[in-house]
Every structure is written in structure tokens, then in C-alpha cells.
J.: 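Following this message is one structure expressed as C-alpha cells.
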Amino acid sequence: MITNAIRPKPCTVLLVEDNFADAELVQDSLEKAREASFNVEHVEQLTPALARLALGGIDVALVDLTLPDSSGMATYQAIRAAAPNVPIVVLTGLEDEQIVIEMLHQGAQDYLLKSEMEPKLLARSLRFAIERQRTAELEICIGQLAAARTLLEKKNSRLSKLYRTAQEFVENVSHEFRTPLTVIKQYTSLVKDGVVGVVSAEQMQMLAVVEDRADDLNTIVDDMLDVSNLEAGLLVIKRTNCQVTEILANVWPALERKAAIKKVRLDLEIDPNLPAVFCDPEKAGRVLINLVTNALKFCGQPGSVRLNCQLETEGRDIRLRVNDNGNGISSENLRAIFRRFKQLGKPVRSSTKGFGLGLNIAKELVEMNLGRIMVESQVGQGSTFSFTLPRADPPEVLRRYLERIEHLPNGSSRLSLVQVEVDESVSGSLADATDTLLSHLLYSSDLLFRIAPARWLAALLIGDNDIATFRERVEKAIIAASRNRRGESLPDVRLKVLGAWCAANDQEEILNQLSAALEPAEAVGV
């Protein structure tokens, strides 16, 4: 039986030998070697050897130490310097062990005496020289990788410490800002209400400016906190079914006051028949504040800003548009408008400048609310910033959520649908407190529907093996929250896993399971 053995890849040998007979002997020996195949390139002097090494492609150098243009240690050192990664086997007729040992100490892989050379020994020496060189290089690489890993771990540890310090600094500064801000606003309100005496029209206007600037500073503090919490993955989002009019009611008076101070006309156009939306109303209100405040800063003279709220043609989103009559934004700046710390347009008074966080935070909050933010502008014709909020339709919301998590770093991971229940006899206030607790336990990459007063459905980016950890988090949070309540303790909750799927590939199955879970009752919000 004949087998075809797999022969090693041919090795290119640079033979540096000035003696023709010895060179013939080496080439003949390598041709007879069966362990490997060799391509021999022969040069007779050091100078052409160095030139050939410079071209690359040499696997091993077989070098006679005594050449017409060099001899002894100088020959070896010149070749080692020219090609430090090419293994060298010394070929010598001299039996000077001292010089050979010195070369081995300096990196030569092996040496052969011409008088003892035979095919098998020569081939084996060359192959072993190549392997030893590769092993040495690999050990160097491993050592360098280990050193780099140690350095990287130290730097990561330091960065983590610096990041925690920065986050604590932001939280501390924000807290320190809020305390005097609250006092300023309270005393301003007391003075405006005439508690300490009659206030003239001019004084009233000045107090309104103070109140407005305090609101600006409060918004900057909110932006700083949101950036810090977003980076740490700690920003809580509490999506619920709500009306756009409810969102506007919380922010519109402050925006009207701000517009009046700046003597800007502020108009509102809203469709009275808008359906409910599914979002975090506080986050949506923050987006409106940032967009309208931005429009008030950069509108024309006389200034005009208009907010329009209407249902999109497809009927799946409500779009809120903020239009101004300012100078507009160039096309190249539009691409950078939502970047953090980026401020565009003409220089404005320092009192209207923030940290360039407003539009970036607005974009983040809109996307967390499963909407989209856009800007349209032409130089000289003003700008229109708009964002969407999804209708309160659970299947559409879940479909939008699945599209969003595809673009997250863990978007290809497992998604679990978990039903959470408390006894139906639980009072409304305790059920609402449980709802708030569940919202704070979930991450911004999760989704929570309240499908009945005492029942919820959570979409969690975790697999089956992590459900126990989530259950433990819920139980501990209930115990901790109940300890701080003076009245009734929070009720125990029951968790039922409806299934786990690949978030990216099993979207239809996830949607079908949601539809089945919604059959007993329509979602009432989060």
C-alpha cells in the first residue's frame, strides 16, 4: 500500500560559502535529505549575502565564518545585524570551540563542522534552527503580550477609578448646585408674590430674569447628571401610556415665561385628537425643554418659535416639531449638531451658553423613548428640530424596541419575556409603588409593560440562566423598599418566564408571545 506523505513546506537556505567544493557538498547533502526539501541560494562573500538578506524571504542562513571580505565573529555579527530574525547555523572547518560558544551566546542557533557534515545531520540542524528561532520569537511575543496586558490592566484600573471619581464629582456638584438653586427660586417666588412688599413692574421683570436663569442652570445640572448616568448605565427610564397634552402641561408654562423674557413669540399647534403615546413623560418633557430653549436662543429678530404636534401619516408615531426663524445651520454643521460638547452658530451672550450637552442629551433621551430625532435647516431660513414618540400600541412598541436593541453592543444576546404579578386584591397605591420599583430595577435597555393593574410584562436582555439573579434582585429590592415605608409593606411578586429567544433572529416569535400575553387585558402603562 502506497501512501502520499505530506512533505513540509520547502525552506529557502542562504548558503554563504567561498569554497566551491564545500558549497557543492552542502547542496548535494540537502538534495539527498528526505526529512525536508530545501531551496539553496549560494553566495561566496559577505557583501552579496547582506544584499540578499535585505530582500527577505530567507528561512535560514548557513554561514562559513572565513570569507574573502570578512572572517570570524565579524562575519556572524554583520549577518545578525542585517537579518536579526533569520536563524543562523555556523559552518566551520575550525575546531575553535571558544568562538563557536560565543556565537551561540549571541544568538546563533547551531554550528556544524565541515568534516562531520552528512545529509541527515545537516537537514535536521537547519530545520531545528528554524523551529528554535520561531520558539524564541514566540516567547518574546508572549512576554511582550503579558507585559502589555499587565500595563493595560493597570491603566484600566486607573481609568475606572478616575471614572468613578468623575461621576461622584458630578453628583456632588449637582447636589451642591440644586440646594442654592432651590433657595433662589423660592425666595424669588416670594418676592414676586409681594410677600415682602409691593413689587414694581421693572422689578418683576428682573425677578423673572433671575428665575429664568435659575431654570437654565437647573437644566444644565440635569444634563450633567444625565450624561454621567448614561455613561454608567444608571439612567432610569419609566415609560408609560400618557397624552402629549400631559407632557406639555408640565413644561409649557416655564417655556412661555422664558419666551416672554426674551420677547420671542411662542406658538403652539396641537391636534386635539392625538392618541396616547408610550414614553417616559419626564424624559420627553426634557427633550422639549432643550429643543425649545435652543430655538429661543438662536431665533431671529423679532423672534418666532412654533411647536407643532401631530400624528404621522403612517399613524404609528406622534411627531413634535420645533421651528424657529433664526439664521439656520449649514449642511456641514448639521452632521455634527447632536455631538456632545458641540455648539454651532454665531457667538451668543455668555449667559445663554451651556456645555453643549442639550442636543446630545435630547438625542439620547428620544432614542431611549424608542423615537427618532431629526433636524432640517437652510441657511437664512431657520431650523426645524423634530422628534417622534411611539403610539401606545404594545406590539408596535415591542417591534420598535427590538429594532433598537439590534444596534446595542448586546443586541445579539438572549431576550427573556417575564410576567410579573401581585395579588389582584393589592390596593392601587401599593400596586403603583410596585410599578415604580420595577421600573427602577430595569435597565434602559429593558422594556416594561403594565398589562393590568396588578400584572406586568418585562422584556429583559438576559438569558434563562440569569432569571434567578433577576428574581433575587426583585426580592431584595422589595424588602429594602418595604423597610423604608411607614405604612403597608410592598406585596410579594410572582415571576413567570414566558420564554427566551435570540433578540436579533426570533422577533416574530417574541411578538407572538407578547400578543398572547396581552389577550386577557390591554396594557395600561408602566
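When reading the values below, keep in mind they use all heavy atoms of this one structure, side chains included, and skip hydrogens, waters and symmetry mates.
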J.: Taking atom types as modelled, find out whether Arg319 and Ser386 have a side-chain donor-acceptor pair closer than 3.5 angstrom.
T.: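 Judged by distance alone, the side chains do pair up.
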J.: Could you state the interatomic distance from CG (Leu266) to CZ (Arg257), rounded to the nearest 0.5 Å?
T.: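 CZ of Arg257 is found 12.5 Å from CG of Leu266.
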J.: One thing to verify: whether Lys238 and Asp435 come together as a salt bridge, which I'm taking to mean a side-chain N less than 4.0 angstrom from a carboxylate O.
T.: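 A salt bridge is present here (some side-chain N lies under 4.0 Å from a carboxylate O).
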J.: Are the charged groups of Glu367 and Arg372 less than 4.0 angstrom apart, N to O?
T.: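 Looking at Arg372 together with Glu367, the answer is no, because their closest N to O distance does not fall below 4.0 Å.
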J.: Please tell me whether Gln203 and Gln205 have a donor and an acceptor in their side chains that are separated by less than 3.5 angstrom.
T.: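 Side chains of Gln203 and Gln205: no pair found under 3.5 Å.
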J.: Closer than 3.5 angstrom, by distance alone: can the side chain of Asp506 be matched with the main-chain N or O of Cys502 as a donor-acceptor pair?
T.: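 Flag set: sc Asp506 to bb Cys502 pair under 3.5 Å.
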J.: Could you go step by step and tell me if Val422 and Asp492 meet the side chain to side chain contact (heavy atoms under 4.5 Å, CB included) rule?
T.: CA-CA 6 Å; Val422 298; Asp492 293 332; over 6 Å; no
J.: Please say which of Asn369, Asp393, Thr388, Asp317 ends up in a side-chain hydrogen bond (donor to acceptor under 3.5 Å, both in side chains) with Arg400.
T.: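 Exactly one pass, corresponding to Asp317.
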J.: Is there a side-chain contact between Glu488 and Ser427, using heavy atoms and a 4.5 Å cut-off?
T.: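 Touching, per the 4.5 Å side-chain cut-off.
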J.: Using modelled atom types only, decide if a donor and an acceptor are shared between the side chain of Arg391 and the backbone of Gly315 within a distance under 3.5 Å.
T.: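 Checking the backbone N and O of Gly315 against the side chain of Arg391, a donor-acceptor pair under 3.5 Å is found.
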J.: Judged by modelled atom types alone, do Ser304 and Asn325 share a side-chain donor-acceptor pair under 3.5 Å?
T.: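 No - no donor-acceptor pair under 3.5 Å links their side chains.
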J.: Can Ser330 and Asn333 be counted as having a side-chain donor-acceptor contact under 3.5 angstrom?
T.: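 Judged by distance alone, the side chains do pair up.
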J.: Verify whether one side chain among Gln310 and Asp271 offers a donor that lies under 3.5 Å from an acceptor in the other.
T.: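 Side chains of Gln310 and Asp271: no pair found under 3.5 Å.
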J.: Would you say the side-chain atoms of Asp280 pair up with the backbone N or O of Glu282, donor to acceptor, closer than 3.5 Å?
T.: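 Yes; at least one donor-acceptor contact below 3.5 Å.
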J.: If the threshold is 4.0 Å, N to carboxylate O, is there a salt bridge linking Glu403 and Arg399?
T.: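 Salt bridge absent between Glu403 and Arg399.
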J.: Does the side chain of Val418 come within less than 4.5 Å of Ile462's, by heavy atoms?
T.: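 No. Closest side-chain heavy atoms not under 4.5 Å.
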J.: When you measure from the side chain of Asn290 to the backbone N and O of Val287, does any donor-acceptor pair fall under 3.5 Å?
T.: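 Judged by distance alone, no pair lies under 3.5 Å.
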J.: Salt bridge check, Asp324 against Arg306: does any charged N sit closer than 4.0 Å to a carboxylate O?
T.: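 No, no charged N to carboxylate O under 4.0 Å.
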J.: How long is the straight-line distance from CG of Leu274 back to CD1 of Ile318, given to the nearest 0.5 Å?
T.: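 Here the rounded value is 6.0 Å.
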J.: Please determine if Asp215 and Lys185 form a salt bridge, counting it only when a charged side-chain N lies under 4.0 Å from a carboxylate O.
T.: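 Between Lys185 and Asp215 there is a salt bridge, with a charged N closer than 4.0 Å to a carboxylate O.
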J.: Is a side-chain donor-acceptor pair under 3.5 Å present for Glu153 with Thr150?
T.: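 Short answer, no.
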